[in-house]
> 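I have a structure here, written as structure tokens, and I will follow up with some questions on it.
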Amino acid sequence: MTLSKSVSEQIMRAAQILRHGGLVAFPTETVYGLGADACNAEAVRRIFRAKGRPADHPLIVHLSDIGEMERWAQDIPAVAWRLAERFWPGPLTLILKRAPHVLDEVTGGQDTIGLRVPRHPVTLALLKAFGGGLAAPSANPFGGVSPTTAAHVIAGLGHAVGAVIDGGPCAVGLESTILDLSGMRPRLLRPGAVTSCALAEMLGAPPATQTTGAPRASGCLPSHYAPNTPLRLVTSAIPELNRLPQPLAVMAMCLPKTAIAGCRWVTMPRDARAYGRALYARLREIDSWGCRCILVELPPATMEWEAVRDRLGRAAASADKGQPELT
Ligand code: TXA
Ligand code: MG
């Protein structure tokens with residue numbers, strides 16, 4: 001892909017800001033990231049301040065090329081190279097033993113590091129122009145819904161960033177799959193567009209799933225990725241409508257036969273990828289309606305829906321605990 005002159009200029013300016021320790025929000029194929037020079041402790045601390053994120057939650061370091069993995073990790077297992085060859089650039093983050101020089105600010109003091117080569121051409125061009133690793137969480141205030149457009153970033157963190165590069169809406173729309181390869185067995189910490197099935201093909205067996213006592217990962221908290229309006233998951237919305245406070249919003253794959261008073265209906269795509277791409281933008285839109293509750297009809301429990309179901313489950317968890325508002 002050829003980048004337009006104005007995008008190339010934005011990238012050059014952004015690389016300058018990063019070299020001076022500033023923050024830049026950039027598009028990736030998953031969600032927008034809030035990036036800083038991963039070798040500059042003060043710049044990395046700025047990310048935590050901007051997001052309101054606890055300092056012990058580690059950040060993913062974004063790289064421009066597979067070959068850079070060795071600069072950031074050590075004791076890299078052969079399977080990590082195979083997975084990187086197969087899925088990078090792309091929506092897969094690998095957790096590996098960290099190299100000695102890696103800052104504690106990036107890893108939250110853990111002995112591991114999350115690495116990913118993103119697929120968006122703008123991000124790859126930015127990484128090349130910058131010439132180093134970029135530590136970047138999703139570009140949203142801690143606990144909220146990840147941004148999938150530049151406008152979402154500006155709405156949440158516009159005041160805190162030196163520049164926002166607009167690369168259009170994210171193609172995947174959900175955060176990367178996170179696979180922990182630092183222990184005895186590969187462990188899936190967060191499902192994403194690279195499915196457990198696709199990982200199993202490369203690993204020879206499905207990865208283990210998240211258990212208690214796992215490494216700290218804010219995206220692994222039960223209540224995360226939450227809109228402000230309480231969200232409830234149901235198999236079918238209609239029987240629930242009279243039991244819940246109105247006005248209500250419903251997210252479902254088909255419309256009711258007739259309009260229902262006190263209820264705004266949002267039809268979601270039947271295709272899992274299209275649903276994932278649309279999910280966060282729709283949640284933000286519904287959040288702005290001032291409804292008392294969002295009722296979401298759960299998509300099927302099949303592999304292709306694992307990432308969508310995971311994010312919906314986390315969004316619903318904050319409502320269960322009576323904490324609709326996370327910051
Ligand atoms: O798609 C994505 O992964 C996006 C884009 C910007 O790359 N990034 C993203 O970052 O979602 P963040 O920080 O919002 O979520 C990354 C998750 C967090 O839950 C973090 O705790 C976990 O990755 N993580 C990072 N390093 C880790 C490590 N060493 N061990 C365990 N979990 C780690
Ligand atoms: Mg995040």
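The residues of the chain are indexed from 1 along the displayed sequence. One-based numbering, in listed order, for ligands and for the atoms of each.
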> Answer with side chain, backbone, both or neither: which part of Leu59 has a heavy atom less than 4.0 angstrom from an atom of ligand 1?
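The answer is the backbone.
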> Closer than 4.0 angstrom, basic N to acidic O: yes or no for Arg45 and Glu42?
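Looking at Arg45 and Glu42, the cut-off is met.
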> Within the structure, is a non-hydrogen atom of Arg190 found at a distance of less than 4.0 Å from ligand 1?
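It does; at least one heavy atom falls under 4.0 Å.
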> Non-hydrogen atoms of Val31 versus ligand 1: any pair closer than 4.0 Å?
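In this structure, Val31 qualifies as a contact of ligand 1 - some heavy atom is under 4.0 Å.
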> Which one holds for Glu175 and ligand 1: side chain close, backbone close, both close, or neither close, with close meaning a heavy atom under 4.0 Å?
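Both backbone and side chain of Glu175 come within 4.0 Å of ligand 1.
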> Report, in ascending order of atom number, the atoms of ligand 1 lying under 4.0 Å from any heavy atom of Ser138.
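Heavy-atom distances to Ser138 below 4.0 Å select 8 (N), 9 (C), 10 (O), 12 (P), 14 (O).
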> Just do the salt bridge (Lys or Arg N to Asp or Glu O under 4.0 Å) check on Glu105 and Arg46 with the steps written out, would you?
CA-CA 10 Å; Glu105 280 79 359; Arg46 241 173 233 139; over 6 Å; no
> Which distance, rounded to the nearest 0.5 Å, do you find between the OG1 of Thr209 and the CZ of Arg190?
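Between Thr209 OG1 and Arg190 CZ, I get 16.0 Å after rounding to 0.5 Å.
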> Under 3.5 Å, which donor-acceptor pairs do the side chains of residues 241-253 form with other protein atoms, sequence neighbours left out?
none

> The test is salt bridge (Lys or Arg N to Asp or Glu O under 4.0 Å); show your working for Glu285 and Arg282 and say whether it passes.
CA-CA 5 Å; Glu285 188 187 336; Arg282 296 320 294 266; 3.0 Å; yes
> Near Arg19 CZ, under 6.0 Å, is it more than 12 heavy atoms from other residues, nucleotides or ligands?
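Enclosed.
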> Is Asn140 close enough to the Mg ion (ligand 2) to have an N, O or S atom under 2.8 Å?
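Looking at Asn140, which is the residue asked about, there is no N, O or S atom under 2.8 Å from the Mg ion (ligand 2).
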> Short N/O distance, under 3.5 Å, between Arg116 and ligand 1?
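Yes; the residue has a nitrogen or oxygen that sits under 3.5 Å from a nitrogen or oxygen of the ligand.
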> Indicate, with yes or no, if the rings of Tyr280 and His152 have centres closer together than 6.0 Å.
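They do not qualify: ring centres at least 6.0 Å apart.
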> For Thr30, take its heavy atoms, then give the atoms of ligand 1 lying under 4.0 Å from any of them.
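Listed by number with element, the hits are 1 (O), 2 (C), 4 (C), 5 (C).
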> Do any nitrogen or oxygen atoms of Arg53 lie less than 3.5 angstrom from nitrogen or oxygen atoms of ligand 1?
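Yes; the residue has a nitrogen or oxygen that sits under 3.5 Å from a nitrogen or oxygen of the ligand.
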> Quick check on contacts: which atoms of ligand 1 are under 4.0 angstrom from a heavy atom of His62?
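Those atoms are 5 (C), 6 (C), 7 (O).
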> Considering both backbone and side-chain atoms of His57, is one of its nitrogen or oxygen atoms within less than 3.5 Å of a nitrogen or oxygen in ligand 1?
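So ligand 1 has no N or O lying under 3.5 Å from an N or O of His57.
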> Atoms of ligand 1 less than 4.0 Å from Thr112 heavy atoms?
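By the 4.0 Å cutoff, the relevant atoms are 28 (C), 29 (N), 30 (N).
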> Ile178 heavy atoms, cut-off 4.0 Å: which ligand 1 atoms fall inside?
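Near Ile178, meaning under 4.0 Å from one of its heavy atoms, ligand 1 has 17 (C), 22 (C), 23 (O).
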> Answer yes or no: does atom CZ of Arg13 have more than 12 heavy-atom neighbours from other residues, nucleotides or ligands under 6.0 Å?
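No, not enclosed.
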> Can you tell which part of Thr107 has a heavy atom less than 4.0 Å from ligand 1: side chain, backbone, both or neither?
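For Thr107, no heavy atom sits under 4.0 Å from ligand 1.
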> Could you tell me whether Ser176 and ligand 1 have an N or O pair separated by under 3.5 Å?
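Such a contact does occur with ligand 1.
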> Counting from 1, what ligand 1 atoms have a heavy atom of Ile113 closer than 4.0 Å?
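Atoms satisfying the 4.0 Å criterion: 29 (N).
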> Decide, yes or no, whether a salt bridge links Arg98 with Asp104 under the criterion of side-chain N to carboxylate O below 4.0 Å.
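Salt bridge flag = yes for Asp104 with Arg98.
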> Side chains of Thr177 and Leu188: closer than 4.5 Å at any heavy-atom pair?
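A side-chain contact under 4.5 Å exists here.
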